[in-house]
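A quick write-up on the structure given underneath.
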Protein chains: 2
Amino acid sequence: MHARPALTGPVEDYLKAIYELESRFGAAATSDVAHALDVAPASVTGMVRRLATQGYLDHVPYRGVQLTPCGRQAALRTIRRHRILESYLTGVLGYPWDRVHDEAERLEHAASDDLIERMAAALGHPTADPHGAPIPTADGLIEEQPHRTLAELPVGETARMLRVSDKNPSLLRYLAEIALQPGAEVTMVARAPFDGPITLRIGNSEPVVGPNLAAQVLVAAMPSSGLRSADASGSLPSTAASKPKSRKPTAR
Amino acid sequence: MHARPALTGPVEDYLKAIYELESRFGAAATSDVAHALDVAPASVTGMVRRLATQGYLDHVPYRGVQLTPCGRQAALRTIRRHRILESYLTGVLGYPWDRVHDEAERLEHAASDDLIERMAAALGHPTADPHGAPIPTADGLIEEQPHRTLAELPVGETARMLRVSDKNPSLLRYLAEIALQPGAEVTMVARAPFDGPITLRIGNSEPVVGPNLAAQVLVAAMPSSGLRSADASGSLPSTAASKPKSRKPTAR
DNA sequence: CTCAAAAGTTAGGTAGGCCTAAGTTTAAGG
DNA sequence: CCTTAAACTTAGGCCTACCTAACTTTTGAG
């Protein structure tokens, strides 16, 4: 870990994307990274080799990629910068939450640590960004809340909206319209069978949304007890709310 | 002017540097640009050719370079961004004035126009940055104040401090220490002959500074009359306060 | 007016990051 | 087990922006 060279923009983006894929799927596949960064798979292979020789990740050809502690640290630093920037843009400069992602994406590579910490201080050291994503601490600790998706919420139950991806502006605009934002209380009123429309209650309104949308919204895992409640539609038989639903790339 | 491609970071830096050299010397010499950007002269030649073919400047080989209206516009846009960023960093985030330049230098290439305008609005649309440099308007108009250097101020006269370069942190720290900041009233108390030390009065203190420093500080041209006042030291015989002291590169 | 130093340019090369096209390897179905 | 599609990698280029070294032009001192 002896004084690595300063990270360039692209490198930070790769590490960040790999971190995010890894925490969702357990490992990052070349093609997923390529898709996330909108580059050709061949470009990923090349960059991954470079990052592996520099100690940021382990790469087993054809099998996937995983961050080393050092790479994870670098990724979390970038994620912290990104989320503090998003928080600052909405909290201080009045940006709508659907437009902060792109701006933060560019600024996160240019801002100094000093600037980031000044922004964090101005906000009172927030622990989550405007979309509900947790902000890693300066020394790389991140606290994930236990959660499930809104789609999984049993009919009749109420939960607190926790988080949604920052990457889809039109989704975010729509969510703002129906007041489904982090912290909001949302009740599962009804769910039509065969992946049909879902009726929610948020405050006094009862928006009807698609299952696709509901699957993208995370809600707090449990205000109360365990998770017994047989209801109509198909719900995942998975045990609890830990994420790594290992997909294909198995690295190692 | 029909929709040119988005400017990359380096390109913006070249245009900005050329603009600044041009407004100081009337034209920009290759080696001056190279020095300003800390690159080799050969690199400047190459980039200049590219910018010339793209219509941002006119280049007469061996004779210098000059911005086209289009290039000037681009340069002023970058300068506006830079100066608003500097203003915001000091005004809102509490940066000391000697540390804003580097930060702004990086951010100016990453921030969107929207962000810049939000910052300007948050500051009440300032017309000068923390070092006293005028901020061009969004449509590229810049208003230079008439000025002379502090070194030229006749003994006994008082002037308002107008401006100093943002590029020398230790100079800025020293100026802050003696309270010589834009808007401050400064009186020329005495000037030792042969480019000797200069005694000033600022508020209740009488700092003594070198002629080198005094030459870098600009003061408002005239609170009152014309400029008769024979005094000891050598003062430039130039007519008034218009700057372009044409040096070598004569372009055209 | 000459001629060397200074300033500028050309030539050729490096490195980062990307691409397409053409192989390899893996996984999955028959 | 064989075969084929999908995933991945290699090979070979391109472009930007930089460099050094060698050459040309301009300038200014004598």
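Labels below follow one simple rule: chain letters A, B, ... track the order of the sequence lines, proteins then strands, and each chain is numbered from 1.
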Check the distance between [N]'s [atom2] and [X]'s [atom1] and give it to me in whole angstrom.
{"X": "B/Tyr62", "N": "C/dG8", "atom1": "OH", "atom2": "P", "value": "10 Å"}
{"X": "B/Ile18", "N": "C/dG8", "atom1": "CD1", "atom2": "C1'", "value": "14 Å"}
{"X": "A/Leu37", "N": "C/dC19", "atom1": "CG", "atom2": "P", "value": "10 Å"}
{"X": "B/Leu51", "N": "C/dT9", "atom1": "CG", "atom2": "P", "value": "13 Å"}

Only one of A/His82, A/Lys167, A/His131 forms a side-chain hydrogen bond (donor to acceptor under 3.5 Å, both in side chains) with A/His101, so which one is it?
->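 So, applying the side-chain hydrogen bond (donor to acceptor under 3.5 Å, both in side chains) to A/His101 and each of A/His82, A/Lys167, A/His131, only A/His82 qualifies.
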
Interatomic spacing from CD1 in A/Ile135 to CD in A/Glu86 - rounded to 0.5 Å | 9.0 Å

Nearest-neighbour nucleotide for the B/Arg49 side chain, C/dT10, D/dC8, D/dT27 considered =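 Shortest atom-to-atom distance from the side chain points to C/dT10.
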
What's the closest nucleotide to the A/Tyr14 side chain, out of C/dC18, C/dA7, D/dC18?
->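 My answer, after comparing the listed nucleotides, is C/dC18.
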
Hey, does B/Thr78 have a side-chain heavy atom less than 4.5 Å from the side chain of B/Tyr19?
-> no

Going by atom types only, do B/Asp114 and B/Ser112 share a side-chain donor-acceptor pair under 3.5 Å?
-> no

Can a side chain N or O of B/His59 be found less than 4.0 Å away from OP1 or OP2 on C/dG8?
-> no

Is the distance from OP1 or OP2 of C/dG8 to the nearest side-chain N or O of B/Ser31 less than 4.0 Å?
->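 It does, given that an N or O in the side chain of B/Ser31 lies less than 4.0 Å from OP1 or OP2 of C/dG8.
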
Under 3.5 Å donor-acceptor, B/His59 side chain and B/Gln66 backbone =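 No, B/His59 side chain to B/Gln66 backbone: no donor-acceptor pair under 3.5 Å.
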
Between the protein and nucleotides 1-4 of chain D, list every N/O to N/O distance that falls short of 3.5 Å.
none

Which residue, B/Asn168, B/Val217, B/Asp98, forms the side-chain contact (heavy atoms from CB on, under 4.5 Å) with B/Leu175?
->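 That would be B/Val217; it is the only one of B/Asn168, B/Val217, B/Asp98 passing the side-chain contact (heavy atoms from CB on, under 4.5 Å) with B/Leu175.
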
Residues in residues 38-45 of chain A with a heavy atom under 4.0 Å of DNA chain D, by number, are A/Pro41, A/Ala42, A/Thr45

